[in-house]
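To start, the structure under review is shown below, and the notes come after it.
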Amino acid sequence: VVVGGNTEAGSYLCPRLVQAGHECVCVTEDAGQRPFYAHGPEESGQFWDKVQVVELRRAELDAESPGLFGARVGGMAPDVVVDLACSDLAACKALVSSLKGTIKHYIHAGSFHVYSPSAKRPWEEDRARPHPVGLYASEQQRMERYLVDCFHRERFPATVLLHGGLVGRGWAPINFQGTRDPRVFDAVLKGWVLIPDEQNKKGNLPLHMVHADDFAMTVLACIQHREAKNVLGQVFNVCPELPISVMGYARGVSEALGQKQPTLKIRQWPDFQHSLGDRQLAISAYDRLLRMPYASGGKLKRVLNLEPRPLVLALGEACSFAVSCREQLQGAREVDPAFFVPKGCEEDYLPAAAYEGSKPGYVFKEGSKGLGYYVDRGFLIKHQQRVYEFYDGQSKKDTSTEDWQWTDSIKYIVMVLLMAALFLWSFYTSERTQGVFVFMTWVPHMFNRLPRFPPRPFTSSIRIDSIPGVKLGVWHSLLPRRGALDKYTDREMQRAAKHCRTVLYLHGNAEARHKQAWKLRWYNETLGADVVTFDYQGFGDSTCPGEAFSICPSEVGVYQDAMHVYDWMTRANDEGGMGIPAKCIILHGHSLGSAVASRIASKLSDPGTAEGRSPPGGVVLEAPLSSVRDVVNSHWVVSLLPSLVRNQLDAFLRESLKLRFEGGAHAQLVAPPVLILHGERDDVVPVQLGQSIYDTRSASELGRGSANGVPQTDILRLPAADHDTVMKQEEAMSKVSEFARGVWGG
């Protein structure tokens, strides 16, 4: 039984099965719909006459009674079931449950989209992978894992075959522009066509498709050798040895169509999109080209001794057909976007048809299912797969977020020498020079190799105004990613406000907002919290004031930036804000960010300076500093100096230091509960400074007692943690979870 037997793969598979002597039943949604491949060799049509066609509407039957579709398929008493049309895990589970113990082999056709597009290529079946891009890909990966697990736990005879797209006679293949428009091949014949490019790859965006007949032969080989070879419980990539680049595709097809010297003009994506004239078509093309991974067919060749034909040959045949039958192919069948919505989850998705610039699709509006926010078959965050490759491969237990290279040792030595020189220079100069030493905004450019694109759980990268001339780069997971804030609907605004679990993260010096993104992903995944983070002026992609001689960043400017983001989060919807109640927000400041968190929380706690604003629900201070002066005086290098020199240094800091960041003094004035986390191995901000903040605050009026069961002041010292690994400790995660649930009320 072939479920989806009149699809591209089934159009070749069903005749092959009959030709090999099998009885074949084609299960289709529409018995009147002809298979794609009905105009090939003469014998193909003869074999199709021997295929029994049965109409079963999967979604309707399972909606009528869960598992009814599987029962109907099982009622045909098949030996083998090949499922070519399963798009979500619920449907897969329903069919498998009905077939357990009754069949000899179950073959599932999946997609290369289970692999994230990655620089680590080619993808092998059994290699660890990051989370894939998009809802459709997520469902494909979940089905693959479920079937392999069924074999290992229950010996269910499953095999999964993955492919990156099918080509053949009967339908328009994805062309080298990422569309299915057969007129592109006419342009090749005329000798002039545009080739899309991105990041100056010179037309080397990869496509890794396979001929549908080669896929059909792989299914036959799996059926024939399921006992003799290691086929059951396995995943196979069905693909040629090498992919083809869009430039190679264009040249190969040009030669196959008789155009020996076509003019192929490479255009960067913005220019190419403009030349198409159809924004939605350009988005769809970019989506296809960017999401097409490159996989290895080595396992297929090693186990089944199969090697699909080279893509140039497969595409030559398919493109010749597309040119000769282009008029019939103009109305090619398209998949309904609802096809990608898991059964039972319809209410969790918003139709995206009304969203500006999006193709018909669905946006996941909640984070509870763990699938993220996406417009499938629509916008992708540019180059987001590079971020997924890194962040999804990281464990919260990792001791470092970056790999140290030998060149970094040289950079480190140079950096230390420069810092020493700048520090001495700052003895006699201004706040601007001291800021180079205190903020160290140049360090991420030297050492940080992480891409600055939103990782999970962040799905939106926007810009908001701070003081005049300053635009702050902000990531948030409050809403689906759809562009400018003023385009969000009232319903979406209200959802974020009612959720009442929001964290505003304030990063430290010498880093940008992406450095600690794993920490806020933990908030999102463990506590279901919305998360917001941003770069202060002069950090990351946030700008500086345009006035001449302005100091950027500055202590006052950093405080103003944090307050502007807080105001944006708490401002009413009709005033351009998010409308988040202040009591629903927890400020989390790390290192220098702890002083920023203490400063704005203390200002909001004082009715005289709050200006009608309410303080946050709670404050988490991670590796907090009591002041810059205390950090310098407590450094181990300073402790080696003679006492006379130390006293002179302290006197200079007391009188001449412009950037003070006195977080300890501000923490005493914070009305909401404060949780302090500090690692005892911290050699940047010694644990004694965090302890001094706790001692001073707990002795103050605001720091005593508890509110709603949450201590007004609490501290956790972590023996195994250093400056950057506090939140990687189980004790810290447990403590923050307890604190956050107390603030948010469960």
Considering all heavy atoms of both residues, which atom of [X] and which atom of [Y] are nearest to each other, and what is their separation?
X: Y249; Y: I174; result: OH-O, 2.8 Å
X: L84; Y: F215; result: CD2-CE2, 4.0 Å
X: S11; Y: W48; result: O-NE1, 3.3 Å
X: I107; Y: I223; result: CD1-CG1, 3.8 Å
X: G67; Y: D62; result: N-OD1, 3.3 Å
X: P78; Y: V73; result: CD-O, 3.5 Å

With rounding to the nearest 0.5 angstrom, report the [atom1] to [atom2] distance, [X] to [Y].
X: W522; Y: L527; atom1: CH2; atom2: CG; value: 4.5 Å
X: L220; Y: H225; atom1: CG; atom2: NE2; value: 9.5 Å
X: L166; Y: H163; atom1: CG; atom2: NE2; value: 4.0 Å
X: K50; Y: C14; atom1: NZ; atom2: SG; value: 14.5 Å
X: E125; Y: Q234; atom1: CD; atom2: CD; value: 9.0 Å
X: S98; Y: L95; atom1: OG; atom2: CG; value: 6.5 Å

Donor-acceptor pair, [X] side chain versus [Y] backbone, under 3.5 Å?
X: T28; Y: A31; answer: no
X: N524; Y: G528; answer: no
X: T102; Y: L99; answer: yes
X: T179; Y: N175; answer: no
X: Q140; Y: V114; answer: no
X: S734; Y: E731; answer: no
X: K104; Y: R226; answer: no
X: N6; Y: C26; answer: no

Do N237 and Y115 have a side chain donor and acceptor closer than 3.5 Å?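 Yes.
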With side chains defined as the heavy atoms from C-beta onward, is the minimum distance between [X] and [Y] less than 4.5 Å?
X: I244; Y: V312; result: yes
X: C92; Y: D88; result: no
X: W744; Y: H499; result: no
X: F236; Y: T159; result: yes
X: I103; Y: V80; result: no
X: P240; Y: P310; result: no
X: C222; Y: L304; result: yes
X: P308; Y: C239; result: no

Could you name each residue pair satisfying salt bridge (charged side-chain N to carboxylate O under 4.0 Å, His left out) that touches residues 12-30, not counting sequence neighbours?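 Residue pairs passing salt bridge (charged side-chain N to carboxylate O under 4.0 Å, His left out), neighbours aside: R16-D213.
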Going by ring pair (Phe, Tyr, Trp, His ring centres under 6.0 Å), name the pairs with one or both residues in residues 79-110, residues two or more places apart or in two chains.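 Qualifying pairs, neighbours excluded: Y106-F156.
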Between M209 and L315, does a side chain to side chain contact (heavy atoms under 4.5 Å, CB included) hold up when you go through it step by step? CA-CA 9 Å; M209 299 175 284; L315 289 168; 3.8 Å; yes
Should L242 and L311 be marked as a side chain to side chain contact (heavy atoms under 4.5 Å, CB included) after you check the CA-CA gap, both sets of side-chain angles, and the distance that decides it? CA-CA 8 Å; L242 296 173; L311 263 175; over 6 Å; no
Looking at Y146, is R142 sitting on its ring face, NZ or CZ under 6.0 Å from the six-membered ring centre and within 45 degrees of the normal?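 R142 over Y146 ring: no.
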Quick one, D530 with R501, criterion salt bridge (charged side-chain N to carboxylate O under 4.0 Å, His left out). Give me CA distance, side-chain angles, the key distance, then yes/no. CA-CA 6 Å; D530 294 332; R501 284 175 173 247; over 6 Å; no
Are E124 and K299 ion-paired here, with the side-chain N under 4.0 Å from a carboxylate O?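 No, this pair does not count.
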Salt-bridge present (E55, R57; N to O < 4.0 Å):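 Yes, E55 and R57 are salt-bridged.
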Give me each pair satisfying side-chain hydrogen bond (donor to acceptor under 3.5 Å, both in side chains) with a member in residues 64-81, each pair once, sequence neighbours excluded.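 Not a single pair qualifies under side-chain hydrogen bond (donor to acceptor under 3.5 Å, both in side chains).
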Please indicate whether E241 has more than 12 foreign heavy atoms, meaning atoms of other residues, nucleotides or ligands, lying under 6.0 Å from its CD.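 Result for CD/E241: open.
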One pair to check against side chain to side chain contact (heavy atoms under 4.5 Å, CB included): V2 and V25. What are the steps and the verdict? CA-CA 6 Å; V2 180; V25 177; over 6 Å; no
Test side chain to side chain contact (heavy atoms under 4.5 Å, CB included) applied to H152 and V148, step by step: CA-CA 7 Å; H152 290 298; V148 173; 3.5 Å; yes
